[in-house]
Protein chains: 2
Amino acid sequence: MTDSLEVNSTTGPCPISPMVSVIFGRWATEVLWALLHAGAMRFTELRRRVPDVTPKVLTQRLRQLERDGLITRTYHREVPPRVVYEATALARTLIPHFAGLERWTREHARDIDVARRAYAGPLAS
Amino acid sequence: MTDSLEVNSTTGPCPISPMVSVIFGRWATEVLWALLHAGAMRFTELRRRVPDVTPKVLTQRLRQLERDGLITRTYHREVPPRVVYEATALARTLIPHFAGLERWTREHARDIDVARRAYAGPLAS
DNA sequence: CGGCATCCGGGATGATACTG
DNA sequence: CAGTATCATCCCGGATGCCG
């Protein structure tokens, strides 16, 4: 058998790249992680749990995650107003994958760190 | 039991976010996917397999992946010159995780698409 | 007070053309 | 073949201000 058959089964562009921008876009993973592990919470608590994110960018990411069906936004018309964000069932299907990546990180983060220190090429930063 | 104990075990910032920028940064996933599934290849073939990436950005990403120990770069001093990129053993440990995300994408990509169409909020694009 | 919009600067990214 | 060089563009981040 030629290897072209093998190649044909993998020629398609990376099948997960469309989801990468949705799930692993900037701050998206941190927000999802917080909502999946600590449950529903308000905007301000989300800011506490996702340090260094500015309110503007956090709002942008929340809108995108809401649009993609990964979180819900519930507005409570009170004084003062209260907005609660919560992970959807769709987002919860990501939990085992996040857990797997957490394990990978624990096992290999050091390898990357070592490689980075040993690197002496043009990107040595 | 109070929920503060539960919270304590998850208060740390998202533990996978440092790796997300390395593995799921722009074009990184596509490049790793190509090298993991089709084996070592040259710069030009990588451009063919990762459509729409410009040579400048592809070079940047390859340098970063090399620095982080996920790929190797082998320069063959010939006429014409030949540079071969290959995934390392460290990168191969990602294969099951990529496979898991591929399955998740197959199972839930449609859900995201439906949510996106049904969304009528400020991000309706 | 909490959530969100606007203006601006900087770094990453993209398009196009050129070089060892 | 395997990248650079240059310029345009976009997204992120900081500061400020509005509005319920």
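The sequence lines fix the lettering, A, B, ..., with proteins before strands; numbering per chain opens at 1.
Among the protein residues, B/R47 comes within range of no part of the nucleic acid, since none of its heavy atoms lies under 4.0 Å from any strand. Residue-level contact check: B/Y75 touches neither bases nor backbone, having no heavy atom under 4.0 Å from any strand. Nucleic acid contact class of A/R82 (heavy atoms, under 4.0 Å, all strands): none.
Both A/P80 and A/L62 lie near DNA chain C, and the one whose nearest nucleotide falls closer to the 5' end is A/P80. Comparing A/W27 and A/P55 against DNA chain D, the residue whose closest nucleotide sits nearer the 5' end is A/W27.
Between A/L101 and B/I23, the closest side-chain pair of non-hydrogen atoms is not below 4.5 Å.
Note on B/R63: a side-chain N or O is less than 4.0 Å away from OP1 or OP2 of D/dG3. Residue B/T54 places no side-chain N or O under 4.0 Å from the OP1 or OP2 atom of C/dT16. Contact check, A/R26 against C/dA12: no side-chain N or O comes under 4.0 Å of OP1 or OP2. In this model, the phosphate group of C/dA12 is not approached by any side-chain N or O of B/Q60 to a distance below 4.0 Å at OP1 or OP2. Residue B/R42 places at least one side-chain N or O closer than 4.0 Å to OP1 or OP2 of D/dA2.
Defined by atom type and a distance below 3.5 Å, a donor-acceptor pair is missing between the side-chain atoms of A/R67 and A/Q64.
Remark: A/T105 OG1 to A/F98 CZ distance equals 11.0 Å, nearest 0.5 Å.
Side-chain to base pairing of B/K56 with D/dG3: no donor and acceptor N or O lie closer than 3.5 Å to each other.
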